[in-house]
Each structure stands twice: as structure tokens, then as C-alpha cells.
Student: 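Handing you this structure, nothing more for now.
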Amino acid sequence: MVKIQIEKIYLDEKAKNDWMTKRILEALPQVPIEEVRDKKELIQRYHLFPDPLSLGKRRLFITHFLGRRLKPCPGTSNHICCGYYVINAVTNCPMDCSYCVLQEYLNNPFITVYSNLEDLLYEIDEFISKVPNHFIRLGTGELSDSLALEQIIPISQILIPFFEKKEGVFLELKTKSSEIDGILHLKHSRKTIVSWSLNPPNLINNEEIGTASFEERIFAAKKCQDAGYPLGFHFDPIIEYEGWQEEYKETINTLFRHIDFRRVIWISLGGFRYPPRLKPISEQRFPKTKIFLGELFPGKDGKFRYLRDIRIELYKKMVGWLREIDPKLFIYLCMESKEVWEKVFGWAPENSLHLNKMFINRIKDFLR
Amino acid sequence: MIKFKQIKRIKLNEIDTGDETFSVNFMPNLGNLRYSIEKIGLIQPVILRKKLNRYQIICGFRRVSILRDLGSDEIEAIICEEELNDKDFFIISIHDNLLGRGFNVVEKAIAIEKLVYRFKVDSTTVIHEFLPLLSLETSEKILNTYLSLAQMEEEVKIYVINEKVSHSNIRRLATFNQEDRKALIPFISRLKLGENRLKEMLIFLSEISMRDRISIKEILKKPEIETIISQSELTSSQKTEKIKRILMNLRFPKLFQKEEEFEKRIKCLNLPSGISIQHSPYFEGREFKISFQFETPDEYDSFINTLLILKNNEEFKEMMRKFE
């Protein structure tokens with residue numbers, strides 16, 4: 001179970017009367033509220049604390065988002081990406097993974113919910129209407145966990161019915177939590193894919209603080225499978241360490257002892273990668289972390305990745321074990337180079353558009 | 001304002017020099033002060049307070065020590081008779097030192113440690129009132145850096161002062177255990193490392209130690225490292241380069257193995273010395289880079305011919321296949 005410990009709510013006066021705000025305040029009746037007029041001042045105040053990131057995970061900021069919240073996934077330059085769109089309904093997350101890129105990416109330490117949800121739904125509708133013959137994949141798991149906060153901020157419970165009626169638009173909810181009770185009864189028409197990030201239990205215990213255990217994730221996935229949701233799994237970040245082969249193999253085998261592979265729409269693999277600024281932040285917050293002990297070097301996009309040979313070995317082994325479960329599983333690499341795709345699969349998508357097309361075909365096949 | 005009594009002459013043997021309650025001295029540079037006292041005498045009286053039947057030094061440990069060495073039997077002193085607690089006297093001592101000589105980095109650490117642990121000043125007050133007084137950034141990170149330095153061994157403190165070690169490298173040293181630090185200091189002292197080289201070396205050592213579950217002391221005892229350290233014909237910077245290579249090899253064994261294999265294959269091509277072939281950075285891409293330098297048209301012709309022939313060379317093709 002993900003433990004959510006909101007100790008204070010900062011409420012932007014613009015957000016006071018929103019339906020979502022009222023819903024959140026009802027869910028957290030004991031939590032003190034401070035009204036905020038100057039967001040910058042609030043953020044600056046927190047930067048004086050020794051670890052604003054840890055503190056920020058216990059603070060909820062309710063505000064409006066005034067710009068675009070639906071954006072193409074930033075992916076990474078010079079690598080093949082999957083052409084996914086991200087919906088930024090919430091930023092930051094109550095869980096605390098040592099490798100989480102949000103530690104260096106977000107300039108605001110709070111769990112921030114943008115309560116002007118109607119604007120977001122309008123933006124999505126408008127976007128969809130502008131893409132002819134659309135086949136769009138979107139997700140909320142880029143700048144937050146899609147489900148971890150669901151008990152307090154039930155955004156997925158709004159988005160699932162919203163997308164259920166849309167043609168050619170698919171929502172992916174990515175999570176490391178087991179907060180699925182609120183979505184099991186919803187009508188989804190297989191337009192929502194529920195995905196779990198997975199790692200071996202040892203890694204979850206040591207590097208994914210505050211997340212659901214491996215067993216809890218599988219149990220939650222099984223319930224979603226039984227509720228008819230297509231499932232996705234993301235082995236990302238794959239970490240190389242002594243004994244990784246046995247542990248990842250066992251993780252895959254355990255997963256498919258409980259999950260029907262025919263209900264899995266896709267599986268992604270992504271070797272650990274990080275922007276240079278993450279390492280000092282993470283090492284200070286997690287002095288015992290071992291994620292940086294591999295052979296990681298800066299790549300063409302400036303991010304550190306494992307030596308190419310190591311990545312190829314990681315992926316080949318993982319693909320081999322997954323193919324033993326089912327040779328037809330749809331497996332893709334996240335933010336990888338064409339060279340690595342070729343070495344792992346013997347072929348590579350021509351570019352990101354090509355990979356996106358493969359996703360479309362996969363969805364069509366899966367839903368047939 | 002604190003009231004001090006007028007200046008008195010106090011017998012040196014009435015001063016308890018063993019009581020270091022208010023001292024933060026570490027490696028004091030007595031030369032200049034001694035010269036000044038010899039030349040023109042003591043300008044600024046020391047500050048003492050009566051404790052039992054002797055005098056306790058609040059400010060002026062170095063002046064008392066020099067005058068004693070110079071054979072004086074008396075010193076001019078201001079006697080503080082106010083009923084203050086030890087914390088307040090210590091704060092007077094800090095202010096007095098700041099006006100005069102200032103503190104070295106270890107003395108700052110000792111002062112901070114005494115404020116926190118001995119005089120029980122809370123961390124927030126130390127951060128916001130005393131760190132700026134010591135010309136330090138007001139943050140908990142800096143407070144912890146100095147508290148950790150105060151706990152370190154004598155030889156580490158000396159190294160930190162002599163080599164002007166940065167805050168970030170002090171923090172790195174603080175993550176090592178005492179035994180490792182004791183092994184490390186004589187080792188790095190022989191290499192004369194700059195700030196970045198020291199950082200690099202500490203990171204390599206710490207990561208190898210953590211990954212391989214061996215102590216830093218054990219890493220430094222590796223025969224290949226000891227051999228380099230003992231080679232008297234090598235300069236410090238040559239030793240540093242060689243040791244850095246060994247540590248990189250230990251830290252990134254797969255990259256190193258690949259580099260070596262690449263170099264071996266390049267050697268087999270028997271290229272003239274003006275031509276070099278490089279792989280992509282960290283072998284990430286498929287591309288290779290050939291560069292050559294020439295002085296005459298004939299040399300240019302010769303290199304071009306070598307490169308043309310190279311494309312049919314089986315070893316060259318094999319190298320491309322292997323490292324693409």
C-alpha cells in the first residue's frame with residue numbers, strides 16, 4: 001500500500017471553488033489549509049529547507065494550470081520514442097524512488113493538482129478533433145503516478161469514463177501503486193490501459209521507497225485484468241547489479257504465473273538513464289542507493305546510460321525471458337537508439353513515427 | 001553590552017593553559033604573531049576570567065603561549081567579572097578571533113561543533129546566526145559539513161587545511177570510515193591532487209568500494225597501486241595519471257576491456273604514426289573518426305593511399321564489424 005501523508009494543503013484562491021478542490025478537501029478533512037496568493041514566494045520558502053523534495057511529498061498544492069496540459073511526451077533527442085502524449089493533471093508523486101527524474105525536473109516540490117479539470121477535458125477534446133483519422137495514445141504517468149493519489153484526487157475516475165466514449169483514443173495509466181479499487185467498476189470499453197512499472201522485489205524495497213510491493217502490484221494488476229482492462233508492464237528502469245539476471249527472470253516468471261499474457265497489450269524495456277544533475281540530488285537524498293554504481297556514460301542526448309554492450313545484454317536477456325512466456329508479446333524499447341534496437345531485435349523502427357504506427361497496429365490487433 | 005574590568009598584569013603561572021573550553025585553535029600559525037610580539041610587544045590584552053583560584057582563558061590562547069615561550073612571566077589581561085554562562089564567553093571568544101586573525105576551516109568546524117554539542121546552541125540558531133558570522137552559507141548542509149569535519153582525524157584536518165579542500169570534497173571524505181580515511185590521507189598527500197582530481201579519485205574509490213564491498217584501504221593496498229606509489233622516478237602528476245587509469249579500470253571494467261580491445265585491433269592495422277582512428281564516445285554510436293596530420297604533399301599522398309588500401313584490409317573490416 002502506498003502511504004499518503006498529506007500534512008498541509010496550500011490552496012490557490014483561484015482554485016477555491018472548483019469541484020475537484022472540494023472533493024480533495026472532503027477527502028482530507030483534518031489537514032490544515034493555507035491560502036496562497038504568491039506561488040513563487042511559497043516555493044522560495046521551501047527551498048530554504050534542507051530537503052524540500054521530501055517535505056514537498058507531504059504538501060498538496062491545489063492550483064490552476066493556465067497553459068497547455070496535453071503535450072507530446074518529451075522523449076529524448078537522437079533516440080527512438082513511441083509518440084505518446086502526456087496529460088499533466090498532477091505533478092509530483094507521494095512515492096520516492098531514488099532514480100526518479102522528477103527530483104531534478106520539477107521546480108516545485110509539492111504534489112500539485114490542477115483543479116481546473118474542465119479546462120483539461122476541453123483541451124483534450126479540442127486536440128482530438130484537430131487530428132484527422134486519429135489514433136492517439138495519452139497518459140497521465142509522466143509527471144506523476146497515475147493512480148497513487150486516486151483516493152484523494154480521483155482524476156483517473158474521471159478520465160476513464162471520458163475516454164470510454166472516444167473513438168481511436170487510448171489512455172494509459174502508469175503506476176507503481178495498488179490503488180485500483182476506485183476504477184474497477186468503471187465502464188472503460190478497453191480504451192484505458194492500466195500499466196505497472198516493475199522491478200525485482202529487492203530493487204523495489206531498496207530503491208522505490210513508498211511504492212506498493214511487487215506482490216501488491218501483481219495482485220492489483222490481476223484485479224484490473226479481471227475487470228477487463230488491457231494491461232501494460234514497464235520494466236523501466238532496468239538496473240544492472242550483481243544477480244540481476246536471476247532476479248529479473250524470476251520477476252518475469254512470477255508476473256506471468258498470475259497474469260494472462262494474452263491480456264497484456266505491451267511491455268516496455270528501458271535501461272536506467274539519468275540527466276547529469278540527478279546523481280548529486282539522489283545521492284544526497286538516498287546515501288545508500290546503488291543505482292549509480294553501474295558503467296553509465298553520457299550519450300548523444302546528454303543523459304547517462306549503461307555502456308551500449310551492457311544495455312544490449314540487458315534487453316536481449318529480458319526479451320528472451322519474455323519470449324519464453326509468449327513469442328508474440330509486443331515488446332518495445334523506451335528512449336533507445338536505432339543501433340540498440342537492431343542488436344536486440346535484429347531490426348529497428350525507421351523512426352519514432354514508425355514505432356507509433358506499430359503501436360496503432362498492436363492496439364488494433366489486441367482489440368480485434 | 002558586557003562590562004570588562006580594566007587591564008591588569010597577570011602572572012602567567014596563574015593562568016590555566018590546560019583549560020581549552022573556549023579554544024578553537026587548530027594548527028595556529030604563530031610565526032607572525034611571535035614576530036610582532038618580539039618586535040613591539042603585546043598590543044591587545046588577552047581576556048581572562050577568574051575560575052576557582054586561577055584564571056581561565058577566554059581569548060588569547062596563542063598570545064599566552066608565545067609569551068610563555070619568550071620567557072615572560074606576566075601578561076596584560078582584561079578580567080571579565082560578569083556572571084555570564086560558558087556559551088556567552090565562547091561567543092565573546094568567537095567575536096574576538098573574528099576581529100583579529102580569523103579562523104581556518106578546521107577552527108570554524110571546531111567552533112561550530114562546540115556551539116552545537118558543548119554549549120547546546122540549537123541548529124537553527126547556529127545556521128542563521130553563526131554561519132554568516134563565520135562567512136559561511138546559511139544551510140543545514142554546510143552545518144553538517146563542518147560538524148563532520150570536526151569529527152575527522154587530525155591528519156585529515158591537516159590535509160583539508162593544507163590542500164584547501166572544498167566543502168563537497170569534505171562531504172565525500174565524511175562518507176568514508178575512519179580506517180579508510182587514515183589509509184587515504186598519506187596516499188593522496190603523495191599525489192598532490194587538485195580539487196577536481198581529488199573529487200574524481202574520491203568518487204572512484206567510494207563507488208568501487210560500495211559496488212565490490214571492499215574497503216578503500218583494501219583498494220589502496222592493491223599491488224598495482226602500491227607499485228606506482230613506490231616508483232620514485234615518477235613525478236606526482238605522473239603517478240596521479242597512472243593511478244587514475246587503474247581506478248577507472250576498476251570502476252569501469254567493461255569499458256576498459258573494450259578500449260583495450262579496440263587499441264589492440266588498431267595496432268594490428270600497422271598504420272603510419274600520423275594516422276589515428278577513434279571510436280564514438282563510449283562506443284555509443286556506430287561512427288569512427290579517422291584523422292591524419294601531414295607536412296608535405298608526398299606525405300599527404302602516402303596517407304591517402306594508406307586509407308584507400310585500408311578499406312580492403314580484412315582486419316580493418318573485422319574491427320568495424322566488431323565495434324559498429
Side-chain angles (χ1 to χ4, degrees), chain A residues 46-55 76-79 206 239-244 271 273 276 279-314 335-343 348, chain B residues 123-124 126-128 131 137-145 147-148 166-169 171-172 174-177 199 202-214 248-259 261-262 279-288 320-324:
Chain A
Y46 270 78
H47 282 311
L48 297 175
F49 288 104
D51 185 1
L53 294 171
S54 299
L55 202 57
T76 198
S77 56
N78 298 309
H79 290 77
N206 296 327
I239 313 261
E240 190 218 19
Y241 56 96
E242 205 186 320
W244 72 271
R273 57 208 174 274
K279 189 178 176 187
I281 298 170
S282 173
E283 283 182 334
Q284 199 192 332
R285 300 190 63 236
F286 305 97
K288 288 185 179 162
T289 183
K290 292 188 173 171
I291 53 171
F292 300 105
L293 299 180
E295 294 194 45
L296 296 138
F297 304 101
K300 288 175 183 171
D301 56 356
K303 287 184 186 140
F304 281 70
R305 285 178 169 74
Y306 288 117
L307 190 66
R308 199 178 71 177
D309 287 0
I310 297 175
R311 293 190 335 259
I312 291 167
E313 193 201 354
L314 290 170
M335 296 190 202
E336 262 305 349
S337 65
K338 209 167 171 178
E339 291 89 339
V340 171
W341 271 85
E342 276 173 9
K343 296 266 182 189
Chain B
S123 304
T124 316
V126 175
I127 292 170
H128 295 289
L131 295 191
E137 186 193 316
T138 54
S139 76
E140 191 165 330
K141 192 169 164 182
I142 291 294
L143 174 78
N144 291 335
T145 305
L147 288 175
S148 68
S166 68
H167 289 159
S168 56
N169 278 338
R171 282 193 285 276
R172 287 189 184 95
T175 63
F176 296 1
N177 64 34
K199 171 185 166 184
L202 296 180
I203 291 174
F204 282 150
L205 287 168
S206 153
E207 292 182 346
I208 296 163
S209 160
M210 202 170 177
R211 184 197 58 198
D212 298 346
R213 293 186 210 102
I214 58 168
M248 277 186 72
N249 194 353
L250 289 170
R251 176 64 186 87
F252 304 117
K254 286 181 181 156
L255 175 70
F256 232 75
Q257 199 184 343
K258 201 149 177 161
E259 292 276 11
E261 202 183 328
F262 184 79
H279 57 75
S280 62
Y282 307 106
F283 298 98
E284 182 60 32
R286 279 176 167 152
E287 67 278 12
F288 296 93
M320 300 248 317
R321 267 194 297 276
K322 178 88 185 153
F323 292 97
E324 69 164 8

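In what follows, every heavy atom counts, from backbone to side chain, and hydrogens, waters and symmetry copies are set aside. Note that this is a predicted model, so its numbers are computed, not measured. Numbered from 1 within each chain, the chains take letters A, B, ... in sequence-line order.
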Student: Please classify the contact of B:I203 with chain A as side chain, backbone, both or neither, using a heavy-atom distance under 4.5 Å.
Tutor: side chain
Student: Which residue in the set B:E324, B:E259, B:E287, B:K258 passes side chain to side chain donor-acceptor pair (under 3.5 Å) when paired with B:H279?
Tutor: B:E259
Student: For chain A, which candidate among B:E284, B:R211, B:R171, B:E140 shows the most heavy-atom pairs at distances under 4.5 Å?
Tutor: B:E284
Student: Determine the sole option in A:E339, A:E336, A:E240 for which the salt bridge (Lys or Arg N to Asp or Glu O under 4.0 Å) test with A:R311 is passed.
Tutor: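 Going through the options one by one, the only one that passes is A:E336.
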Student: Where do B:I208 and B:L250 come nearest, in terms of heavy atoms and distance?
Tutor: CD1-CB, 3.7 Å
Student: Is chain A contacted by the side chain of B:K254, its backbone, both, or neither, given a heavy-atom distance below 4.5 Å?
Tutor: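 Looking at B:K254, backbone and side chain both touch chain A.
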Student: Chain B heavy atoms under 4.5 Å from A:P298: which part of the residue, side chain, backbone, both or neither?
Tutor: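 Contact with chain B involves both backbone and side-chain atoms of A:P298.
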Student: Looking at chain B, which one of A:P287, A:G294, A:S337 has the largest number of heavy-atom pairs inside 4.5 Å, strictly under?
Tutor: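 Of the candidates given, the most pairs with chain B belong to A:G294.
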Student: Using a 4.5 Å cut-off on heavy atoms from C-beta on, say whether the side chain of B:L255 contacts that of B:F283.
Tutor: yes
Student: Side chain, backbone, both or neither: which part of A:D51 has an atom under 4.5 Å from a heavy atom of chain B?
Tutor: neither
Student: Under a 3.5 Å cutoff, is there a donor and acceptor pairing between the side chains of B:E137 and B:H167?
Tutor: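 Judged by distance alone, the side chains do not pair up.
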Student: Non-hydrogen atoms of chain B under 4.5 Å away: do they reach the side chain of A:K343, the backbone, both or neither?
Tutor: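 Side chain only.
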Student: Under a 4.5 Å cutoff for heavy-atom pairs, which residue among B:S168, B:P281, B:G285, B:S139 has the most contacts with chain A?
Tutor: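 Most heavy-atom pairs within the cutoff with chain A belong to B:G285.
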Student: Between B:F323 and B:F262, what is the ring plane arrangement, given parallel below 30°, perpendicular above 60°, and tilted in between?
Tutor: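 It falls in the perpendicular class, over 60°.
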